[in-house]
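I'd like to ask some things about the structure below.
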Amino acid sequence: MARYNVKETEAKWQSTWEKRQCFAVRDFADKPKYYVLEMFPYPSGRIHMGHVRNYTLGDVVARYKRARGFNVLHPMGWDAFGLPAENAAIANKVHPAKWTRENIAAMRAQLKTMGLSYDWEREIATCDPDYYRHEQKFFLDFIKHGLAYRKESWVNWDPAEQTVLANEQVIDGRGWRSGAPVEKRRLSQWFLKITAFAEELLDGIDTLERWPERVRLMQANWIGRSEGAHMTFALTGGADLASASLQVYSTRPDTIFGASFCAIAANHPLTETLAAHNPELQAFVAECNRLGTSEAALETAEKIGFDTGLRAVHPFIEGHTLPVYVANFILMDYGTGAIFGCPAHDQRDLEFARKYGLDITPVVAPPEADAGAVTIGEQAYTGGGRMINSDFIDGMPVEDAKSEIIARLEQQGLGARTVNYRLRDWGVSRQRYWGCPIPIIHCPACGIVPVPEKDLPVTLPEDVSFDKPGNPLSHHPTWKHVDCPACGKKAERETDTFDTFFESSWYFARFCSPLADEPFIREAADYWMPVDQYIGGIEHAVLHLLYSRFFSRALKRCGYLKTEEPFAGLLTQGMVCHETYRDEGGRWLYPEETVQDESGNIVHAKTGRPVTLGRSEKMSKSKFNVVDPAKIIGSYGADTARLFMLSDSPPDRDLDWTDAGIEGAWRYINRLWRLVTEPALALPDPETPKPAEFSPAADAVRRLTHKTIAAVSEDLDRFHFNRAVARIRELTNALEGLKAGAGTDWALREGLEAATCLIGPMMPHVAEELWQRLGFTALLADTPWPEADQSLLADENVTIAVQVNGKLRGTIELAKDAAQEDAKAAALQLPRVREALENKPPRKVIVVPNRIINVVV
RNA sequence: GCCCCUGUGGCGGAAUUGGUAGACGCGCUGGACUCAAAAUCCAGUUCUCGCAAGGGAGUGGGAGUUCGACUCUCCCCGGGGGCACCA
């Protein structure tokens with residue numbers, strides 16, 4: 001029999017599935033719906049191993065659920081706007097649209113070689129005006145509903161990408177893609193009011209039971225809810241500011257009697273007012289801006305302040321005022337950008353107070369401390385206890401004191417209980433060409449004028465030049481010049497485009513009706529949403545996943561959808577890693593550049609110089625450790641790559657790529673192939689009736705077959721793909737060992753059918769081929785999942801472990817559910833148990849039915 | 001600094017949730033087939049003492065609960081990740 005021909009077989013079944021439209025899905029059916037989605041790719045031009053892993057996981061789920069009788073939606077599309085297209089345009093003089101289209105075509109072809117069960121009729125690309133015109137409409141709706149607004153503010157400017165970034169896109173003070181240190185700039189920008197849903201987004205996390213705990217935690221931390229109070233201090237000391245007041249936010253209003261100063265941010269409005277005629281303060285503010293808030297800067301930066309000369313009036317101590325500083329450690333965009341400092345109970349305030357010689361008054365006595373002898377050394381005390389030195393709240397526990405202070409503030413009209421969030425609104429303006437144009441016109445007379453709906457979409461001009469730095473849209477000779485829709489006079493288009501996360505925040509809902517004129521066909525969206533299982537990388541734990549949760553709520557408020565949580569289940573896959581090599585100078589080397597010398601050391605192939613084998617790291621071009629999926633699929637086939645991706649690690653853990661692992665997967669495919677095409681026993685026809693008798697060996701194999709069906713089903717339900725593979729291999733091993741005997745040929749056939757069905761979602765091509773060779777005319781892709789025969793799941797006999805004092809001393813075979821007394825007697829008869837007992841009766845015998853017996857001597 | 005995850009053979013990983021630790025795979029060792037190699041097949045493979053039968057140790061380290069702990073509790077150590085002048 002011929003060797004398994006991968007190329008021919010995989011191509012054959014891919015075209016058969018396509019011809020028969022096996023995976024085209026219709027809205028609505030008697031069957032329950034199941035929507036499985038993998039995070040759609042950016043069309044970089046080539047798939048990488050991360051894609052292979054992601055789409056393999058999704059495809060196993062899709063094919064499995066389909067076999068289990070679900071109406072499965074499994075679509076694919078392209079997150080097609082983004083900076084790499086513009087960079088390619090600058091570097092290679094190719095238009096971003098052309099570059100993107102070509103990349104999509106190349107990647108689609110590559111994905112098709114993987115044998116993925118997508119409904120390609122639902123394919124979408126976000127750079128298509130038929131896609132992005134809808135988000136222009138959404139944006140106009142958001143403005144109407146108060147969910148989008150424009151404001152001038154300090155923003156994160158990425159000097160490398162020449163654009164603004166959202167807070168979520170700044171990692172350790174650097175741009176998330178460029179890695180360039182982010183600068184602060186003051187710009188007028190569009191924002192989406194994600195903060196309007198802060199509470200809902202936080203509460204909603206509790207309903208996401210099928211999300212990984214750590215993603216839920218990361219989102220909760222990002223939203224960052226805290227409870228405290230706003231309080232207002234009257235200001236004195238500045239002639240023209242006599243009537244002004246200062247609002248601060250504190251989570252510790254209870255410590256107000258320990259307050260010794262107030263501090264405001266360098267970019268606080270009050271600071272700006274004061275600095276207007278104060279060059280010294282201007283210099284100080286410049287210094288603060290220069291230092292920035294990057295991690296490195298913060299670790300070394302000293303807390304510095306500038307005494308404004310203003311005094312803040314203490315709300316509860318008659319005649320007492322506090323100095324007001326501008327301080328570098330106060331953030332304008334958290335709380336109110338102003339605080340009162342209580343040095344005894346806040347580490348930052350303590351450091352600041354020490355530097356400027358301010359009072360340090362303890363007002364909380366730790367539970368174990370003597371109230372009279374509380375002193376503060378190097379560490380501020382942030383724990384609980386009872387209030388001291390605090391007038392009317394003396395003696396109260398901290399929590400009661402908070403309530404009491406807030407009550408008094410409210411009585412006096414000086415403050416209120418407040419919930420504060422770390423979350424800030426999502427800045428969506430980008431100074432880039434390759435994105436969705438923001439449908440706004442700036443009119444000198446009318447101001448900001450939304451593009452009327454009848455004029456949508458605002459499409460990107462094709463004839464752009466990337467010769468000049470900056471946004472080609474602003475350089476375009478005609479595009480931005482329009483008449484104001486309101487007054488008809490000359491006006492200018494907004495030249496900013498949306499953050500590309502805008503596109504990925506709703507594509508999952510678009511897949512429900514991808515060709516519709518309107519954004520969503522309501523019935524289709526209501527039927528398919530939410531996504532039952534979403535699969536992708538952990539790197540989007542906050543960014544994309546939080547934006548999408550917000551977007552669903554915003555679209556609901558605007559009347560488009562009813563779903564609040566777009567993703568009911570989330571699987572975050574681990575990275576694909578590969579070993580790395582470096583030469584003596586620490587430069588990365590390709591694995592091919594290294595060889596083993598006679599003594600087994602790894603050396604440079606050309607120079608013979610020593611090479612160090614680094615740890616396995618995420619595949620990346622810069623580390624020279626990338627393996628191209630196209631090469632693997634080309635030589636071993638998609639099934640091999642898929643099996644390896646599934647069998648070596650659980651999906652949420654990092655996966656180590658090894659050539660040996662791929663070889664192992666390839667070997668297994670060939671074993672299975674031989675087992676079906678050259679069986680040791682002649683296989684009966686599919687319709688052959690079940691024999692009346694089975695030899696013990698045949699019976700054992702049948703039991704294993706049905707146990708495997710049950711166990712693999714459960715494994716797939718829980719995404720334990722590596723265990724599922726192990727179990728199917730176990731079954732294969734047993735089938736290989738089957739010798740002639742009563743009913744063995746029938747049992748072999750039954751086992752082979754089961755193994756083929758069970759491995760089908762993971763290795764669809766070879767399974768489809770084997771299914772045909774087993775004599776079936778229907779496609780495996782259309783075949784229902786096998787059912788385990790319940791009567792074969794339970795064993796007749798069980799092996800019971802026998803321990804003496806917790807140590808294994810032997811096993812006994814007994815009928816299942818044998819009487820405890822019999823089991824005990826049998827255990828005590830074991831020679832090694834009798835030895836241990838030395839003719840004395842045991843002190844105690846613990847019998848766990850069908851499992852273990854422990855004799856205590 | 002705070003929060004989370006994680007630690008099991010030479011390696012990736014299993015272990016019915018407190019009941020025979022190491023399934024399955026990789027690698028390695030020996031053997032068969034072959035002129036030879038590849039492929040394939042068979043046997044073995046946690047460590048340690050022993051010719052063997054068998055004994056001892058063993059899930060990062062230490063204590064504890066239990067007849068029995070990879071699993072539960074407490075302390076410590078290593079690795080990874082998230083957040084971070086957040087008032």
Side-chain angles (χ1 to χ4, degrees), chain A residues 3 171-172 212-222 224-226 228 248-253 255 262-263 265 293 295 297-299 301-303 327-331 333-342 345-349 351-352 420-424 538-539 541-542 615-616 643-644 647-650 652-665 667-668 670-671 674 711 714 720 722-733 736 799-811 832 842-857:
Chain A
R3 251 174 81 107
I171 315 289
D172 290 340
E213 187 56 29
R214 60 177 179 145
V215 175
R216 306 202 304 175
L217 260 162
M218 281 162 73
Q219 292 215 351
N221 288 339
W222 190 265
R225 184 183 198 273
S226 72
V248 306
Y249 171 72
S250 175
T251 56
R252 293 295 302 273
T255 63
C262 283
T293 49
E295 185 181 15
L298 293 178
E299 265 174 23
E302 209 183 353
K303 285 173 184 48
N328 66 338
F329 65 98
I330 307 302
L331 305 173
D333 34 31
Y334 186 79
T336 61
I339 61 146
F340 76 77
C342 176
H345 304 291
D346 182 287
Q347 191 59 31
R348 294 154 304 177
D349 297 347
E351 287 168 32
F352 191 77
N420 191 57
Y421 296 92
R422 204 190 81 110
L423 183 70
R424 278 162 261 154
I538 184 81
E539 67 272 18
V542 175
R615 62 169 213 172
S616 190
L643 181 65
F644 172 70
S647 60
D648 245 43
S649 285
D652 52 345
R653 274 204 230 176
D654 287 353
L655 174 82
D656 245 324
W657 177 272
T658 60
D659 295 341
I662 272 289
E663 291 282 349
R667 264 200 298 273
Y668 178 68
N670 284 290
R671 274 174 82 171
R674 283 193 301 271
E714 206 184 302
H720 292 167
N722 56 329
R723 293 203 300 199
V725 172
R727 293 197 152 111
I728 299 168
R729 291 183 97 130
E730 251 175 304
L731 175 60
T732 319
N733 291 347
E736 278 177 337
T799 309
I800 297 173
V802 180
Q803 299 181 332
V804 175
N805 291 339
K807 286 198 185 243
L808 185 69
R809 285 293 180 262
T811 58
R832 293 178 53 209
R843 285 209 305 200
K844 199 174 176 186
V845 179
I846 288 118
V847 181
V848 182
N850 300 325
R851 200 153 278 174
I852 202 164
I853 294 169
N854 192 9
V855 181
V856 186
V857 294

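Order of the sequence lines fixes the chain letters, A, B, ..., with proteins taken first and strands second; residue numbering starts at 1 for each chain.
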For atom CD of A:Glu539 and atom C1' of B:rG80, their distance in whole Å
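The distance from CD of A:Glu539 to C1' of B:rG80 comes to 16 Å, rounded to the nearest Å.
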Which residue lies toward the 5' end of RNA chain B, A:Ile538 or A:Asp349, if each is placed at its nearest nucleotide?
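Nearer the 5' end of the strand: A:Ile538.
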Quick check for you: among B:rG12, B:rA84, B:rG82, whose closest atom lies nearest to any side-chain atom of A:Met218?
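Taking heavy atoms from C-beta onward, the closest nucleotide is B:rG82.
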Do A:Arg843 and A:Asn805 pair up side chain to side chain, a donor and an acceptor below 3.5 Å, judged on atom types alone?
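Not at all, the side chains of A:Arg843 and A:Asn805 share no donor-acceptor pair under 3.5 Å.
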Value in whole Å for how far the C1' atom of B:rG54 lies from CZ of A:Arg809:
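A:Arg809 atom CZ is separated from B:rG54 atom C1' by 10 Å.
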What distance, rounded to whole Å, do you find between the two P atoms, one in B:rC2 and one in B:rC75?
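Result for the P pair: 14 Å, nearest Å.
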Heavy-atom side-chain contact between A:Arg671 and A:Arg674 under 4.5 Å
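Contact flag for A:Arg671/A:Arg674 side chains = yes.
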Check every atom of B:rC41, B:rC67, B:rG55 against the side chain of A:Val856 and return the nucleotide holding the closest atom.
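Out of B:rC41, B:rC67, B:rG55, the nucleotide with an atom closest to A:Val856's side chain is B:rC67.
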Students often get this wrong, so: under 4.0 angstrom with heavy atoms, is A:Arg216 touching a base, only sugar-phosphate, or nothing?
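No contact at all - A:Arg216 keeps every heavy atom at 4.0 Å or more from the nucleic acid.
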Please tell me which of the listed nucleotides, B:rC83, B:rG13, B:rA87, lies nearest to the side chain of A:Ser649?
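Comparing B:rC83, B:rG13, B:rA87 against the side chain of A:Ser649, the answer is B:rG13.
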Using a cut-off of 6.0 Å, state whether more than 12 heavy atoms not belonging to A:Arg214 lie near its atom CZ.
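No - once you tally the heavy atoms of other residues, nucleotides and ligands closer than 6.0 Å, there are 12 at most.
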Kindly point out which of B:rA14, B:rA57, B:rA87 is positioned nearest to the side chain of A:Arg348?
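When the side chain of A:Arg348 is considered, B:rA87 is the closest of B:rA14, B:rA57, B:rA87.
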Of A:Asn221 and A:His720, the one whose closest RNA chain B nucleotide lies more 5':
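By nearest-heavy-atom nucleotide position, the 5'-most residue is A:Asn221.
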Give a yes or no answer on whether the side chain of A:Arg832 reaches the backbone of A:Arg809 with a donor-acceptor pair at less than 3.5 Å.
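Yes; at least one donor-acceptor contact below 3.5 Å.
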Just by distance, do the side chain of A:Asn420 and the backbone of A:Ser226 share a donor-acceptor pair under 3.5 Å?
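The answer is no, because no donor-acceptor pair under 3.5 Å joins these two groups.
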Whole-Å distance separating the CD atom of A:Gln219 from the C1' atom of B:rC4:
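From A:Gln219 CD to B:rC4 C1': 15 Å.
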A:Arg225 has an atom CZ; how far is it from atom P of B:rA87, in whole Å?
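Whole-Å distance recorded here is 13 Å.
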Counting heavy atoms from C-beta on, name the nucleotide in B:rC86, B:rG55, B:rC85 closest to the side chain of A:Asn328.
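Of the candidates, B:rC85 comes closest.
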Euclidean distance, atom CG of residue A:Leu217 to atom C1' of B:rC2 [Å, nearest integer]:
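One finds 12 Å between C1' of B:rC2 and CG of A:Leu217, rounded.
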Between P on B:rA87 and OH on A:Tyr249, what's the gap in Å once rounded to a whole number?
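From A:Tyr249 OH to B:rA87 P: 7 Å.
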Nucleotide B:rG12, atom C1' - distance to CG of A:Leu655 in whole Å:
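In whole Å, B:rG12 C1' lies 9 Å from A:Leu655 CG.
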Hydrogens and angles aside, do A:Ser647 and A:Tyr668 bring a side-chain donor and acceptor to less than 3.5 Å of each other?
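No, no side-chain donor-acceptor pair sits under 3.5 Å.
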Reading nucleotides 17-30 of chain B from the 5' end, what letters show protein touch, with B for base, S for backbone sugar-phosphate only, - for no heavy atom under 4.0 Å?
--BB--BSSSS---
To the nearest Å, how far apart are A:Asp346 CG and B:rA87 C1'?
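Rounding to the nearest Å, CG of A:Asp346 and C1' of B:rA87 are 6 Å apart.
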Between the base of B:rC85 and the side chain of A:Lys303, is there any donor-acceptor pair under 3.5 Å?
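By the distance-only test, yes, there is a pair.
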What's the base orientation of B:rU17: syn (chi within 90° of 0) or anti?
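The base of B:rU17 is oriented syn (glycosidic angle within 90° of 0).
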Does B:rG25 count as syn, meaning its glycosidic angle lies within 90° of 0, or as anti?
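That one's anti.
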Looking at A:Lys807, I'd like to know whether one of its side-chain N or O atoms comes within less than 4.0 Å of OP1 or OP2 on B:rA57.
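Checking B:rA57 against A:Lys807, a side-chain N or O does come within under 4.0 Å of OP1 or OP2.
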Partner nucleotide of B:rG27 by Watson-Crick or wobble geometry (both distances under 3.5 Å)
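Across any shown strand, B:rG27 pairs with B:rU45.
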Contact check, side chains of A:Val725 and A:Leu643, non-hydrogen atoms, under 4.5 Å:
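Yes, close enough: below the 4.5 Å cut-off.
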